[in-house]
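Below you'll find the structure, written out as structure tokens, and then a few comments.
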Amino acid sequence: MPANMWYIGTINNDDSTFMVTDKVYDRAMPIDINDKGKVFKPMDTEAMDINYTYMDGLFKEAMENNPVSQETLSKIELMDDYVIQHFRIAFGNRIVSHMKKFVPVYVACGGDEIAGIDYFMARKVLRKFEQLNISFIRDEIDPYVEFLDKTFGKNKMKECIEYLLRLKKLT
């Protein structure tokens, strides 16, 4: 298989389908499309021939220039401990390794580190909550939101908090 071959696919995750397994979320980077598309006029740009070597170089440069800070990694460890203690879910080495690649690229594209962590965690870790009995964890959601605000900064983990509040409404 050549280095420039990537797998990109779509799945539906709604009330007419079965739940997506943890293995899928652990190995993929979900992108949720929850809003209706809007017509826009794109900017004219010159065509670019982008090959694997060029893209791989950009990824390596992003990881070199924007590694996840030790302070944030410590917060991620606290988050992992909290989730294990209160929800009995661990997110493990594969997810942390993937996060260390995703967040630097997110920052290189113009985002900030905590926003990248928020985006990543909402899609890779909190998705695991779907397999839990929501009525049993309902009372744990507000304290977890407080933990996120205290650990990462007030309203810094917006995607995670929005996801948690949507879960809470399901009960």
Side-chain angles (χ1 to χ4, degrees), residues 1-11 13 20-35 37 40-87 89-130 144-164:
M1 210 177 282
N4 66 346
M5 182 178 284
W6 294 16
Y7 288 96
I8 298 172
T10 63
I11 58 173
N13 189 15
V20 177
T21 67
D22 263 0
K23 288 181 181 182
V24 172
Y25 288 133
D26 284 354
R27 290 166 174 79
M29 188 63 223
I31 300 171
D32 296 327
I33 301 173
N34 295 320
D35 297 323
F40 68 97
K41 185 167 172 51
M43 259 182 358
D44 259 349
T45 59
E46 292 292 318
M48 291 178 69
D49 185 23
I50 299 175
N51 60 29
Y52 173 79
T53 304
Y54 176 75
M55 284 293 289
D56 191 50
L58 289 175
F59 290 145
K60 286 177 181 172
E61 182 181 324
M63 286 183 277
E64 261 181 46
N65 294 340
N66 310 296
V68 179
S69 70
Q70 190 56 52
E71 178 185 357
T72 298
L73 290 173
S74 296
K75 291 176 181 180
I76 296 301
E77 195 170 320
L78 290 173
M79 186 180 186
D80 190 22
D81 292 343
Y82 190 99
V83 170
I84 290 168
Q85 182 180 0
H86 295 272
F87 300 100
I89 289 179
F91 43 89
N93 296 334
R94 176 177 300 159
I95 288 180
V96 173
S97 176
H98 190 177
M99 179 196 66
K100 288 179 179 178
K101 294 174 184 173
F102 176 85
V103 173
V105 173
Y106 187 95
V107 171
C109 291
D112 72 32
E113 185 176 75
I114 298 301
I117 296 292
D118 181 35
Y119 183 90
F120 185 88
M121 290 297 180
R123 284 153 185 80
K124 300 282 279 186
V125 175
L126 297 187
R127 284 275 169 90
K128 294 174 181 288
F129 286 28
E130 292 174 10
Y144 188 42
V145 168
E146 290 172 19
F147 167 83
L148 292 173
D149 279 342
K150 181 181 172 195
T151 305
F152 292 95
K154 185 81 172 154
N155 295 321
K156 293 285 188 178
M157 299 291 279
K158 290 178 185 173
E159 302 237 8
C160 287
I161 291 169
E162 285 175 13
Y163 181 81
L164 291 165

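Note that the coordinates shown come from a computational prediction; the quantities given were computed from them, not determined experimentally.
For an aromatic pair to be called close, the ring centres must be under 6.0 Å apart, and Tyr144 with Phe87 satisfies this. Between His86 and Phe147, the ring center distance fails the sub-6.0 Å criterion.
Checked for salt-bridge contact, Lys75 and Glu71 meet the test: a charged N lies under 4.0 Å from a carboxylate O.
Judged by distance alone, the side chain of Asp56 and the main-chain N or O of Tyr52 form no donor-acceptor pair under 3.5 Å. Side-chain N or O atoms of Ser74 include one that pairs as donor or acceptor with a backbone N or O of Gln70 at under 3.5 Å. When atom types are taken as modelled, the side chain of Glu113 and the backbone of Ser69 share a donor-acceptor pair closer than 3.5 angstrom. At distances below 3.5 Å, not a single donor-acceptor pair connects side-chain atoms of Asn66 with backbone N or O atoms of Val103.
Taking CD1 from Ile76 and CG from Asp81, the interatomic distance works out to 11.5 Å, rounded to the nearest 0.5 Å. Taking CD1 of Ile89 as the reference point, atom NZ of Lys128 lies at 7.5 Å (rounded to 0.5 Å). The CG atom of Asp149 sits 4.5 Å away from atom NZ of Lys154, with the distance rounded to the nearest 0.5 Å. Expressed to the nearest 0.5 Å, how far CG of Leu78 lies from NZ of Lys150 amounts to 9.5 Å. One finds the CE atom of Met121 at 5.0 Å from the CE atom of Met99 (value rounded to the nearest 0.5 Å).
Counting heavy-atom neighbours within 6.0 Å of Asn93 CG, excluding the residue itself, gives a total of 12 or less.
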(Q) The test is side-chain contact (heavy atoms from CB on, under 4.5 Å); show your working for Ile95 and Lys100 and say whether it passes. (A) CA-CA 9 Å; Ile95 288 180; Lys100 288 179 179 178; over 6 Å; no
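Partners of Tyr106 according to the ring pair (Phe, Tyr, Trp, His ring centres under 6.0 Å) rule, which considers only residues two or more places apart in sequence or in another chain, are Phe102.
Note that Arg123 lies in the cation-pi zone of Tyr119, set by a 6.0 Å cut-off to the ring centre and a 45° limit from the axis.
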